[in-house]
There are 2 protein chains.
Amino acid sequence: MNETVVLTPERILEVAEDVLRRFGLAKATVVDVARALDVSHGSVYRHFPSKVSLREAVAKRWLERVNAPLAKIAEGSGPASARLERWLRTMFAIKHKKVCDDPEMFATYLALAHEACKVVKAHKDGLVDQIAHILSDGVKQGAFQVADVKTSARALFDATIRFHHPAHSEDWSDPALAARIDALLALLLRGLEAPRKR
Amino acid sequence: MNETVVLTPERILEVAEDVLRRFGLAKATVVDVARALDVSHGSVYRHFPSKVSLREAVAKRWLERVNAPLAKIAEGSGPASARLERWLRTMFAIKHKKVCDDPEMFATYLALAHEACKVVKAHKDGLVDQIAHILSDGVKQGAFQVADVKTSARALFDATIRFHHPAHSEDWSDPALAARIDALLALLLRGLEAPRKR
DNA sequence: TGAATGACAGATATTGAAATCTGTCAGCAA
DNA sequence: TTGCTGACAGATTTCAATATCTGTCATTCA
C-alpha cells in the first residue's frame, strides 16, 4: 500500500534536489542522496548512469518549471505586441522571484547550470522558439515587421539577457530596475513595430 | 641617469599587471610584485595602502585602455546614428579582441573585475554617459526620438550586454555571432529612429 | 528473475601542520 | 628628511596524509 518505498527516477530527482538545496553543489554527493532515500548508493546508479547525468536531470526538471508558464503565454491568443511584453516580463519575474525567494538555492543552480550547459542550451533554444512563435503571430497580424522571425527572436533574447540571465542577478538590487526594464521593452517593441498605414 | 630605478606608482602598476598575467589572480602576491621590481614588499606598501587598492589601480588602468578609443568616437561629429553603431561595434570588437588575443589574461581580468566591482561600476557609468552624449546629438539632429536620453542610454547598454559583458565571453564562438549583432543593432537603431516627416 | 546490497579500486576531498603572505613599523642609509 | 629595508604578528595558503566518494560488480534476497 505504501507506494513511497518504491524507488523511481522521479523520487530520486526530488530527493536529489533537496540534498542539493541543503548541502550545496560542491558538497552534495550521490552517497548523500542515497542516504536521504535510505538505500545504498548502488541503487541510485541503477537509475542514473553517473553523478553527472543525475545532476543534468535535476537541472532539466528545474528548467522545465521555468519553461511551462512561458509556453502557456506563447501559445495564447490576442495581440502579439502585448503577448510579447507579457512573456518577457513573466520571464524576468520568474528569474527574479527565484533569486529573491531562495538566493542560496539560486547560487547552487547557477553553478549547476554551468556544469550542465548542454541542458541549458536546449532550454534557451526552446525559449527563443517561443519568442519566434509570438513574433510570427505579430507579423501575421500586421503589428510587427521583421526581416527574419528566427533571427529577430534571437535578437530579442540577446537584448533582454541582462534581465533574465543568472550571471546578472547580482545587480538586481538597483532601485531603478523597473524603469530600466520599461525603457528596454519600449525600445524593443518600437523597433519591431510595422509602419502605420497612411 | 638611469631613471628606471626610481619606484613610481606607474612603474609598480606596469609590473603588477605583468605579474598578474604570469601568475594569475589567485597566485599573484605583493611579494611577487616586489621581487619583480627588485625591492622589498614594504616599498610597494609605501605607494599603495593595501593589496586590494593595488589591484583596483591595475583594474582602473586596464579599463582606461578600453575607455579611451570609445570616448574618441563618442566625442566625434557626424550623423549620430552611424556614430552610435560605430561606438557599439567598437566596444564589442575591443572586448572580443581581448578575449581572443589573450584568453588567460582575460580570465584573470574577469576575476579581478569581480573583486574591484566599484571601479567597474564607475567604468560602466562612464560608458553609459558616452552613449547618452551620442543620443543627445541624435535628438538635436532630429534623427532620434527618445523619452529620456539618460534612460535610453542605459537601455542601450543593457540591451547590448550580451556582446560586451565578460560573463558572456564563453559563447563568443557561435559562428552566427556577426549576424546576431547585426540583427540586434538593426532592431535597436530602428527603435530609436524619429518618425519620418511627411 | 529483477531489485538491492556492500565491498572494492581508483579518483577526489578534507584536514591540520608547516610555509608563505599581508600589513606595520622601528631603524638604516643617503 | 625621504625612501627603503627587513623582522614581526596574525591571516592565509600549501601540501601530504587520511578519509570519503564514484562507479562497478559479484552476491543476496524475495
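All chains are named by letter (A, B, ...) in the order of the sequence lines, taking the proteins before the strands, and each is independently numbered beginning at 1.
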Inset, instruction - List in chain and number order the residues that pass ring-ring contact (aromatic ring centres under 6.0 Å, His included) with H164(B), two or more places apart in sequence or in another chain; answer none if no residue qualifies. - result: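 ring-ring contact (aromatic ring centres under 6.0 Å, His included) check on H164(B) returns F157(B).
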Inset, instruction - Can you measure from CG (D158(B)) to OG1 (T160(A)) and round to the nearest 0.5 angstrom? - result: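 With rounding to 0.5 Å, CG (D158(B)) is 10.5 Å from OG1 (T160(A)).
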Inset, instruction - Find out whether R154(B) and D125(B) are in side-chain contact, i.e. whether some heavy atom of one side chain is under 4.5 Å from a heavy atom of the other. - result: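 In contact.
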Inset, instruction - Could you check if a side-chain atom of E75(B) sits within less than 4.5 angstrom of a side-chain atom of H133(B), using non-hydrogen atoms only? - result: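 The answer is yes; the side chains approach within 4.5 Å.
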Legend entry - Side-chain N or O of H47(B) closer than 4.0 Å to phosphate OP1/OP2 of dC4(D):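 For H47(B), the contact criterion (side-chain N or O under 4.0 Å from OP1 or OP2 of dC4(D)) is met.
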Legend entry - Phosphate OP1/OP2 of dA4(C) contacted by S43(A) side-chain N/O (<4.0 Å):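 No, outside the criterion.
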Legend entry - Contact list for DNA chain C against residues 15-25 of chain A - heavy-atom distance below 4.0 Å: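 Listed by number, there are none.
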Legend entry - Contact list for residues 80-106 of chain B, test ring-ring contact (aromatic ring centres under 6.0 Å, His included), sequence neighbours left out: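 Applying ring-ring contact (aromatic ring centres under 6.0 Å, His included) to every pair that reaches into residues 80-106 of chain B, excluding sequence neighbours, yields F92(B)-F163(B), H96(B)-W172(B), F106(B)-Y109(B).
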Inset, instruction - Only pairs at least two apart or in different chains count here, so list each ring-ring contact (aromatic ring centres under 6.0 Å, His included) that has a residue in residues 28-56 of chain A. - result: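 Passing the test, one end in residues 28-56 of chain A: no pairs.
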Inset, instruction - Name all residues meeting the side chain to side chain donor-acceptor pair (under 3.5 Å) criterion together with H168(B); count only those two or more places apart in sequence or in a different chain, and write none if there are none. - result: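 Listed in chain order: H168(A).
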Legend entry - Partners meeting side chain to side chain donor-acceptor pair (under 3.5 Å) with T8(A) (sequence neighbours left out):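 So T8(A) forms no side chain to side chain donor-acceptor pair (under 3.5 Å) with any residue.
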Inset, instruction - Mark yes when over 12 heavy atoms from residues, nucleotides or ligands other than K124(A) sit less than 6.0 Å from its NZ; otherwise mark no. - result: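 More than 12 heavy atoms, drawn from other residues, nucleotides or ligands, come within 6.0 Å of this atom.
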Inset, instruction - Treat primed atoms plus P, OP1 and OP2 as sugar-phosphate and everything else as base, then score nucleotides 21-30 of chain D 5' to 3': B for base contact with protein heavy atoms under 4.0 Å, S for sugar-phosphate contact only, - for none. - result: SBBB------
Legend entry - Partners passing salt bridge (Lys or Arg N to Asp or Glu O under 4.0 Å) against R61(A) (at least two apart in sequence or in another chain):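 Only E10(A), E17(A) meet the salt bridge (Lys or Arg N to Asp or Glu O under 4.0 Å) criterion with R61(A).
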Legend entry - Stem regions touching DNA chain C, defined by at least 3 consecutive Watson-Crick or wobble G-U pairs below 3.5 angstrom: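 Stem segments, range with range: C:1-30 with D:1-30.
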Inset, instruction - Any salt bridge (Lys or Arg N to Asp or Glu O under 4.0 Å) involving residues 101-111 of chain B? Give me the pairs, sequence neighbours left out, ordered by first then second residue. - result: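 Residue pairs with at least one partner in residues 101-111 of chain B: R21(B)-D102(B), K97(B)-D101(B).
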Inset, instruction - Sorted by first residue and then second, give each salt bridge (Lys or Arg N to Asp or Glu O under 4.0 Å) pair with at least one member in residues 23-33 of chain B; sequence neighbours left out. - result: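 Passing the test, one end in residues 23-33 of chain B: D32(B)-R35(B).
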For nucleotides 12-17 of chain D, print each protein N/O atom paired with a nucleotide N/O atom at under 3.5 Å, atom names and distance only.
none

Inset, instruction - Examine distances only and state if a side-chain atom of S152(A) and a backbone atom of V149(A) form a donor-acceptor pair shorter than 3.5 Å. - result: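 Pair absent, no side-chain N/O of S152(A) close to backbone of V149(A).
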